[in-house]
Asks: 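Quick one: this structure, given as C-alpha cells, is what I'll be asking you about.
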Amino acid sequence: MGGDRSTGDWFRSALPMLLLCRLADEPQHGYALMEGLRSWGFDVKGATVYPHLNRLHDEGRIDSEWHAPRSGPARKIMTITDEGREHLRELQEQWALFRSQMDAALERPAHGSAADGEED
C-alpha cells in the first residue's frame, strides 16, 4: 500500500494509531518507526511522520529522550506514555467500529431495494 500516495487521507488519519501501535511494542527512533511502517506495506516519508510524532509528543502521548550511541549520531528515542496507551486503545476501538460499519455498508447492494425502503 502506498501510504503517502494511494491511500493518502486514509493513511494520514490512521497514522497516529499506527505510530502508537509501533511504540507500544518498543521504544524507537523516527527512522526505525518509518522502517517498521514500511515493513507493514506503507510508503512513508518523514514529512508525513514527524509532524504526527511532534503532535503526539505535545499531547503527552509519547515521551522522547536523546540517546548517544557509541558510534554515529545521537538519536531521539520515543516511548509511549500511559496516556498514549489509553489513547491507542480508544483509537483501536473506534477503528473496529468504523471498519464494521464500512464493511456492512459496502456489502449492501449498490442500489437501494424495496426491502431497504427505497424505490428504484
Asks: Mind checking whether R61 and E83 have side chains closer than 4.5 Å, heavy atoms only?
Replies: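 Counting from C-beta outward, R61 and E83 do come under 4.5 Å.
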Asks: Any side-chain heavy atom of S13 sitting closer than 4.5 Å to one from F98?
Replies: no
Asks: W95 and side chain to side chain contact (heavy atoms under 4.5 Å, CB included): which partner among Q92, E93, R99?
Replies: R99
Asks: Any side-chain heavy atom of L23 within less than 4.5 Å of one from L88?
Replies: no
Asks: Just do the side chain to side chain contact (heavy atoms under 4.5 Å, CB included) check on R85 and R89 with the steps written out, would you?
Replies: CA-CA 6 Å; R85 286 184 192 282; R89 187 189 61 72; over 6 Å; no
Asks: Enter the distance from L33:CG to L18:CG here, rounded to the nearest 0.5 Å.
Replies: 10.5 Å
Asks: Once rounded to the nearest 0.5 Å, what's the spacing between atom CE of M34 and atom CG of L19?
Replies: 10.0 Å
Asks: Picking from Q28, M17, M78, what satisfies side chain to side chain contact (heavy atoms under 4.5 Å, CB included) with R22?
Replies: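 Testing R22 for a side chain to side chain contact (heavy atoms under 4.5 Å, CB included) against Q28, M17, M78 leaves exactly one candidate, Q28.
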Asks: Of the non-hydrogen atoms in C21 and W40, which two are nearest, and what is the gap between them?
Replies: SG-CH2, 4.1 Å
Asks: Is the closest basic N to carboxylate O distance between R12 and D9 below 4.0 Å?
Replies: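 Salt bridge present between R12 and D9.
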Asks: Would the number of heavy atoms belonging to other residues, nucleotides or ligands and lying under 6.0 Å from OH of Y31 be above 12?
Replies: no
Asks: If I compare all heavy atoms of R75 with all of H29, which pair ends up nearest, and what's the gap?
Replies: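 Shortest heavy-atom contact: NH1-NE2, 3.0 Å.
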Asks: By the salt bridge (Lys or Arg N to Asp or Glu O under 4.0 Å) test, which pairs, at least two apart or in different chains, include something from residues 24-35?
Replies: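 Those involving residues 24-35 are E35-R38.
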Asks: How far apart are the closest heavy atoms of L53 and I62, and which atoms are they?
Replies: O-CD1, 3.5 Å
Asks: May I ask you to test the V44-F11 pair for a side-chain heavy-atom distance under 4.5 Å?
Replies: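 Yes, at least one pair of side-chain atoms sits under 4.5 Å.
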Asks: Would you name the heavy atoms of H67 and P69 that are closest together and state the gap between them?
Replies: O-CD, 3.4 Å
Asks: Looking at every heavy atom in both T81 and G60, which two are closest together, and how far apart are they?
Replies: OG1-O, 2.7 Å
Asks: Do you reckon I80 sits in the same ILVMFWY cluster as I77, going by side-chain contacts under 4.5 Å, direct or chained?
Replies: no
Asks: Quick one: does R55's side chain get under 4.5 Å of P16's, heavy atoms only?
Replies: no
Asks: So, the side chain of S64 versus the backbone of K76: is there a donor-acceptor pair under 3.5 Å, distance only?
Replies: no
Asks: Inspect the surroundings of CG in D82 and state if more than 12 heavy atoms from other residues, nucleotides or ligands are less than 6.0 Å away.
Replies: no
